[in-house]
Protein chains: 2
Amino acid sequence: MKETENYLFDFISRYMPLGEAEKIAIRESAVFRNYQKGELLLKQGQHSKDGYFVIKGCIRCYYVIEGEEKTTAFYTESETLSPLCSINQLPSEYYVSCVEDSLLLVSNPQMEKIMFEKFPRFESLCRILSEALLAKNQTSFANFKTSTPEQRYVNLLHTRPDLLQRVPQYQLASYLGITPESLSRMRTRLARRNK
Amino acid sequence: MKETENYLFDFISRYMPLGEAEKIAIRESAVFRNYQKGELLLKQGQHSKDGYFVIKGCIRCYYVIEGEEKTTAFYTESETLSPLCSINQLPSEYYVSCVEDSLLLVSNPQMEKIMFEKFPRFESLCRILSEALLAKNQTSFANFKTSTPEQRYVNLLHTRPDLLQRVPQYQLASYLGITPESLSRMRTRLARRNK
DNA sequence: TGATTTGATTGACTTAAGTTAAGAAAGGGG
DNA sequence: CCCCTTTCTTAACTTAAGTCAATCAAATCA
């Protein structure tokens with residue numbers, strides 16, 4: 001457990017140095033949980049305000065549209081899945097499942113509220129993190145819009161090469177906005193071209 | 001000016017009720033600025049930490065890729081453009097320009113810091129707003145990924161019908177992830193189909 | 001191990017997007 | 001009002017993605 005706490009502290013300190021008292025507070029209230037490969041953390045229709053910070057493993061968001069899974073996001077080590085429905089109070093439109101056995105830090109607004117009251121700097125931290133996530137998300141979206149499927153794939157190859165190993169190809173396909181068949185053909189096309 | 005302040009207060013109060021002292025503080029430090037149609041608020045390569053809240057008008061983000069403008073976002077009344085480069089300190093990769101004469105509230109981290117120190121609740125507000133923006137952005141991205149160009153266009157027709165009037169079609173095209181020619185053909189296709 | 005499920009590939013065909021180029025329509029400024 | 005710029009449309013052609021179906025490979029499990 002010591003190790004996973006240090007992992008978390010290292011991550012946080014990239015954004016804000018932590019005092020001892022604050023570390024203790026986190027140690028006392030942080031909830032770490034293990035999930036198994038294939039486990040569902042959230043189903044469509046459920047109400048959940050939980051957020052997840054990935055210590056180890058990989059989780060995935062997907063929609064089911066006309067019976068088809070459409071994967072929209074993967075979260076791996078040091079990445080945060082923040083809930084979409086916490087503000088509007090609507091039921092979830094998507095699923096969250098575990099791609100691998102994973103260790104996650106789980107949070108929710110009630111826990112955060114308590115922490116913010118005790119340590120206002122945590123709210124500062126969360127604001128900064130949230131702004132950073134927003135910036136990252138906007139950049140990814142812009143990148144997606146301005147690229148062809150092939151450019152997206154090549155880009156993924158460079159920016160997150162691990163994903164190609166960790167995740168089945170049919171999930172990557174919808175993540176890239178195409179069908180599994182198209183991705184398969186694209187790969188053979190690229191292989192032929194680079195030979 | 002009274003009117004534009006009230007507009008801002010109304011927006012904020014959707015998220016958090018404001019006390020009189022807080023309203024006064026905003027009144028004293030808020031910077032409103034008018035921009036003309038076509039004016040550039042940010043150029044590629046510039047360093048800027050300014051954020052913009054649109055009181056009236058429309059602004060647009062676009063990249064220039066191989067000489068082509070690729071529009072990635074429009075911001076209209078009550079929407080916020082938060083800077084992407086404030087954290088990483090990198091030069092901007094995109095442009096921001098005014099689609100129409102616009103009235104904007106301008107902010108930057110220095111101003112925010114002063115406000116946060118005087119009124120910690122502002123930081124709370126900014127955290128909440130930022131989380132809401134993140135959720136909205138993630139939902140838009142997921143929607144984009146899981147839709148065909150045609151579905152995106154039809155969806156835009158329903159969710160932001162005003163944009164089609166305010167913005168030239170070639171800018172909408174890249175916003176939808178397609179070329180102007182494709183959008184034009186798509187429109188005739190749809191018109192023929194619905195007749 | 002053998003059987004079953006799951007994931008990846010391939011092929012044939014359809015559809016729509018990208019590209020290039022030309023011309024028409026609309027809008028703004030003098 | 002006309003000219004010029006900007007925006008939109010149309011056409012012909014190329015390319016690649018979607019779809020459906022069959023097959024192949026690999027992982028899982030009884």
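Reckoned from all heavy atoms, side chains included, excluding hydrogens, waters and symmetry mates. Labels below follow one simple rule: chain letters A, B, ... track the order of the sequence lines, proteins then strands, and each chain is numbered from 1.
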Quiz item: Quick one: is A/Thr179 getting a side-chain N or O under 4.0 Å of the D/dG18 phosphate, OP1 or OP2?
Solution: yes

Quiz item: Is there a side-chain polar atom (N or O) of B/Gln169 under 4.0 Å from OP1 or OP2 of D/dT9?
Solution: yes

Quiz item: Hey, which of these two, B/Met186 or B/Lys37, hits DNA chain C nearer its 5' end, going by closest nucleotide?
Solution: B/Met186

Exercise. Starting at atom CZ of A/Arg192, determine the distance to atom C1' of D/dT15, rounded to an integer number of angstrom.
Key: 13 Å

Exercise. Could you check which of D/dA17, C/dG18, C/dG7 has an atom nearest any side-chain atom of A/Pro149?
Key: D/dA17

Exercise. Measure the distance from CD on B/Glu66 to P on C/dG18 and round it to the nearest whole Å.
Key: 14 Å

Quiz item: Can we call the ring centroids of B/Phe141 and B/Phe144 under 6.0 Å apart?
Solution: no

Quiz prompt | Proximity to the side chain of A/Tyr170 - top-ranked nucleotide from D/dA17, D/dT9, C/dG7 | solution = C/dG7

Self-check item: For atom CD of A/Glu181 and atom P of C/dG7, their distance in whole Å
Solution: 14 Å

Quiz item: For the pair made of CG in B/Leu176 and P in D/dC8, what is the distance, rounded to whole Å?
Solution: 13 Å

Exercise. State whether the distance check finds a donor on one side and an acceptor on the other, under 3.5 Å, for side chain A/Arg185 versus base C/dG11.
Key: no

Exercise. Verify whether the ring centers belonging to B/Phe116 and B/Phe122 lie closer than 6.0 Å.
Key: no

Self-check item: Spacing between A/Leu183 atom CG and C/dA8 atom P, to the nearest angstrom
Solution: 9 Å

Quiz item: Rounding to a whole Å, what distance do you find between B/Gln151:CD and C/dA17:C1'?
Solution: 15 Å

Practice problem: Taking only Lys NZ, Arg NE, NH1 and NH2, and the carboxylate oxygens of Asp or Glu, determine whether A/Glu131 and A/Arg127 approach each other closer than 4.0 Å. | Solution: yes

Quiz item: Would B/Arg160 and B/Glu79 pass as an ion pair if we require N to O under 4.0 Å?
Solution: yes

Self-check item: Nucleotide nearest B/Ile178 when distance is taken to its side chain, options D/dA17, C/dA17, C/dT9
Solution: C/dA17

Practice problem: Report yes if a side-chain nitrogen or oxygen of A/Arg189 is closer than 4.0 Å to either non-bridging phosphate oxygen (OP1 or OP2) of D/dA17; otherwise report no. | Solution: yes

Quiz item: Given atom CG of A/Leu190 and atom C1' of C/dT9, what is their separation to the nearest angstrom?
Solution: 15 Å

Quiz item: Between B/Tyr175 and B/Phe74, does the ring centre distance come in under 6.0 Å?
Solution: yes

Quiz item: Base, sugar-phosphate, or nothing: which does A/Thr188 touch, judged by heavy atoms less than 4.0 Å apart?
Solution: sugar-phosphate

Quiz prompt | Interatomic distance, A/Arg187 CZ vs C/dA8 C1' [rounded to whole Å] | solution = 9 Å

